[in-house]
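Please read the structure below before turning to the comments.
Please read all numbers here as calculations on a predicted model, not as lab measurements.
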Amino acid sequence: MEQNKPQTEQELTQQAAVRRQKLADLCEAGHNPFEITKYAQDAYSADLKNEFADLPAEAETGKIVSLAGRMMSKRIMGKASFAHLRDQKGDIQIFVKRDLLGDEAYAAFKKLDIGDIIGVKGEVFRTKMGEISVRISELTLLSKSLLPLPEKFHGLTDREARYRQRYVDLIMNPEVKDTFVKRSLILKEIRAYLDEKGFLEVDTPILTPFEIGASARPFYTHHNTLNMDMVLRIETELYLKRLIVGGMDRVYEVGRIFRNEGMDPKHNPEFTTIELYQAFTDFHGMMDLVEEMYKRLTLKVCGSLEITYQGKQIDMGHWERLTMVEAVKKYSGVDFNDWKTDEDAIAAAKEHHVELPEVPTKGAILAEFFDAFVEDKLIQPTFIYDYPVEISPLAKRKPTDPAFTERFEYFIDCTEYGNAFSELNDPIDQKARFERQVAERKAIEPDCKAQVDYDYVNALEYGLPPTGGLGFGVDRLVMLLTDSASIRDVLLFPTMKPIDQ
């Protein structure tokens, strides 16, 4: 078996030089592979293995196929050789015999390198050792690999290299491709589910004219023609709800979002969310939608509602529902209803060593208690609803208790997966909340460029119907359903610091 063990930079350079010389020789002989523009591929490895699964050893099929892919191994045995070709659907063995291929073509085959992309034509058969193979009668070099593939490209030591050179990772680790095939399936199924429910997929601007007052930090850029700074969006919400005002009653967007914030195994500066809005329903309608959609997705992608995530058994078929007050009382013993004033809440926080928020109100302190005592207990799927108004600037107040909003988040394996509201449609209340939010931002961060989106308030003044809204992260969902530990494992090209830094 031909192997590649480039242990030093010098060896790599030498191997690259040898491959370039082979390319030069091919070009000089009039066989430049890069001049070839297409190849008539009519079969795939996995399909052939399935079709002839019952073929006995040493049996012929009489079926002639054309395959194309990357040569992943080569074993020269005098007048006959074996190699493995990897195509879109997997690997298959090819049998190369000098008498069948011809002296000149066989000599050319022997000069091929691991990693070269080839097209082959021949008959499918099963070898004496029982492997479905293709006996080659024609072979064409379609693209020359000028760099040697690493023998191994996995393990912790190479993880950074895998993320930086995803193309090599995909070549060397076929299971990585499976993750991204599942990601595509997840998005396809989400779209199918929402489309069946009558939702319309739309696109809204990625470049926005100013920074809104939300806590997420944006990226700035500059538009030369308009001579104005612009902001990469931190959400799709406000544009989508403008569409609800306009009479598009069910809309969603699969949107790239950009936040100029920290990076860790669950956060990347650019990520994908899905936000959806439905007129004439509330956050309970969104809760039912989430549960139904996640059950359907899990069954489709994983084949069962019982899944394993990072060693933990998760039952996606059962979802608990708790208010934030109930959850804090359940896991900390502290009852929000015992706090009569903000000072009572501050005293309770100090007693339980809970960090005080920047603006220490009862509602904001309740949220801190949740972070300290509850979130790390929520392993099984759980809806937490009725959030304090202080941390929910876009959610509708509860008619029975205006200190709280009709909002929920849902948690799996101690991680928040999505956020939903009965959307605030009172333009007077919304304007006041926006102005307070921006003022609080600027009080803490005087140089902040945040502004109130008065055009959105103007839209509300034309009338937003009662609306349920939901936003959830696609990347975290893919992590869950593919048992991936890091967001970088489910992003084809995660954000990386340049090597020279």
Donor-acceptor contacts under 3.5 Å from residues 348-359 side chains, at least two apart:
from, atom 1, to, atom 2, distance (Å)
His352, ND1, Ala348, O, 3.0

- prompt: Is the backbone of Ile117 close enough, under 3.5 Å, to the side chain of Arg70 for a donor and an acceptor to pair up by distance?
  reply: no

statement: From the list Arg86, Lys49, His84, side chain to side chain donor-acceptor pair (under 3.5 Å) with Asp91 holds only for Arg86

message: Working note: Lys362 + Glu343, criterion salt bridge (Lys or Arg N to Asp or Glu O under 4.0 Å); need CA distance, chi angles, decisive distance, verdict.
response: CA-CA 8 Å; Lys362 286 168 58 179; Glu343 287 70 28; over 6 Å; no

query: Less than 4.0 Å between a side-chain N and a carboxylate O, is that true for Arg441 and Glu211?
result: yes

query: Can a salt bridge be assigned to the pair Arg242 and Asp453 using a cut-off of 4.0 Å between side-chain N and carboxylate O?
result: yes

task: May I ask you to check if Lys398 and Phe404 form a cation-pi contact, with NZ or CZ under 6.0 angstrom from the six-membered ring centre and within 45° of the axis?
output: no

- prompt: Is Arg256 paired with Glu270 through a side-chain N to carboxylate O contact shorter than 4.0 Å?
  reply: yes

message: Please determine whether a side-chain nitrogen of the Lys or Arg among Arg488 and Glu160 lies less than 4.0 Å from a carboxylate oxygen of the Asp or Glu.
response: yes

- prompt: Between Tyr239 and Glu237, is any side-chain donor less than 3.5 angstrom from a side-chain acceptor?
  reply: no

task: Scan side-chain atoms only and decide if Glu409 and Tyr387 contain a donor-acceptor pair under the 3.5 Å cut-off.
output: yes

query: Is it true that the side chains of Asn260 and Tyr220 contain a donor and an acceptor less than 3.5 Å apart?
result: no

- request: Output all residues satisfying side chain to side chain contact (heavy atoms under 4.5 Å, CB included) with Asp195, sequence neighbours left out; order by chain, then residue number.
  value: Arg191, Tyr252

query: Does a salt bridge link Asp475 with Arg183, judged by any charged N lying under 4.0 Å from a carboxylate O?
result: yes

query: Among side-chain atoms of Thr467 and Glu423, is any donor-acceptor pair under 3.5 angstrom?
result: no

task: For the residue pair His267 and Arg476, confirm or rule out a side-chain donor-acceptor distance under 3.5 Å.
output: yes

task: State, yes or no, whether a side-chain contact exists between Leu477 and Val474 at a heavy-atom distance under 4.5 Å.
output: no

message: Quick check on Ile428: does its CD1 atom have over 12 non-hydrogen neighbours (other residues, nucleotides or ligands) under 6.0 Å away?
response: no

message: Quick check on Lys377: does its NZ atom have over 12 non-hydrogen neighbours (other residues, nucleotides or ligands) under 6.0 Å away?
response: yes

- request: Answer yes if the side chains of His222 and Asn227 hold a donor-acceptor pair under 3.5 Å, and no otherwise.
  value: yes

- request: Please work out which of the three classes, parallel, tilted or perpendicular, describes the rings of Tyr417 and Tyr410, given edges at 30° and 60°.
  value: parallel

query: So does Lys329 have more than 12 non-hydrogen atoms from other groups sitting under 6.0 Å from NZ?
result: no

- request: Tell me yes or no: between the side chains of Arg407 and Ser392, is some donor less than 3.5 Å from an acceptor?
  value: yes

message: Checking side-chain contact (heavy atoms from CB on, under 4.5 Å) between Lys182 and each of Leu481, Val301, Val478, which is the one that passes?
response: Val301

- request: Check whether any side-chain N or O of Gln451 sits under 3.5 Å from a backbone N or O of Gly213 as a donor-acceptor pair, and report yes or no.
  value: no

query: Does the side chain to side chain contact (heavy atoms under 4.5 Å, CB included) test come out yes or no for Phe180 and Asp178, once each step is laid out?
result: CA-CA 5 Å; Phe180 293 101; Asp178 294 341; over 6 Å; no

query: Hey, mind stepping through Glu292 and Tyr193 against side-chain hydrogen bond (donor to acceptor under 3.5 Å, both in side chains) and telling me if it holds?
result: CA-CA 10 Å; Glu292 184 179 55; Tyr193 174 83; 2.5 Å; yes

field: Under 3.5 Å: donor-acceptor pair, side chain of Arg166, backbone of Leu491
entry: yes

- prompt: When you measure from the side chain of Asp116 to the backbone N and O of Ser145, does any donor-acceptor pair fall under 3.5 Å?
  reply: yes

query: In terms of the angle between their ring planes, are Tyr294 and Trp319 parallel, tilted or perpendicular, with boundaries placed at 30° and 60°?
result: perpendicular

- prompt: Would a distance-only check, ignoring hydrogens and angles, find a side-chain to backbone donor-acceptor pair under 3.5 Å from Asp413 to Thr415?
  reply: no

- prompt: Are the charged groups of Glu291 and Lys295 less than 4.0 angstrom apart, N to O?
  reply: yes

- request: Please assess Asp249 against Gln278 for the test side-chain hydrogen bond (donor to acceptor under 3.5 Å, both in side chains), listing each intermediate value before the final yes or no.
  value: CA-CA 6 Å; Asp249 284 353; Gln278 179 179 339; over 6 Å; no

- prompt: Using 4.0 Å as the upper bound for N to carboxylate O, is an ion pair formed by Glu326 and Lys330?
  reply: no

message: Ignoring hydrogens and geometry beyond distance, is a side-chain donor-acceptor pair present between Arg233 and Thr208 at under 3.5 Å?
response: no

message: Looking at Arg217 and Glu445, is there a salt bridge between them, counting it only when a charged N and a carboxylate O are closer than 4.0 Å?
response: yes

- request: Check for a donor-acceptor pair, side chain of Arg397 on one end and backbone N or O of Pro402 on the other, with a separation under 3.5 Å.
  value: yes

- prompt: Taking it one step at a time, do Arg321 and Asp288 satisfy salt bridge (Lys or Arg N to Asp or Glu O under 4.0 Å)?
  reply: CA-CA 11 Å; Arg321 302 186 181 196; Asp288 295 339; 3.1 Å; yes

message: Would you say the rings of Phe408 and Phe383 are close, in the sense that their centroids are separated by under 6.0 Å?
response: yes

- prompt: Does the separation of the ring centres of Phe370 and Phe411 fall below 6.0 angstrom?
  reply: yes

field: Test: Arg259 and Glu235 ion pair at under 4.0 Å
entry: no

field: Short side-chain donor-acceptor distance under 3.5 Å, Asp87 and Ser45
entry: yes

- prompt: Would you find a donor on one side and an acceptor on the other, under 3.5 Å apart, between the side chain of Asn458 and the backbone of Tyr454?
  reply: no

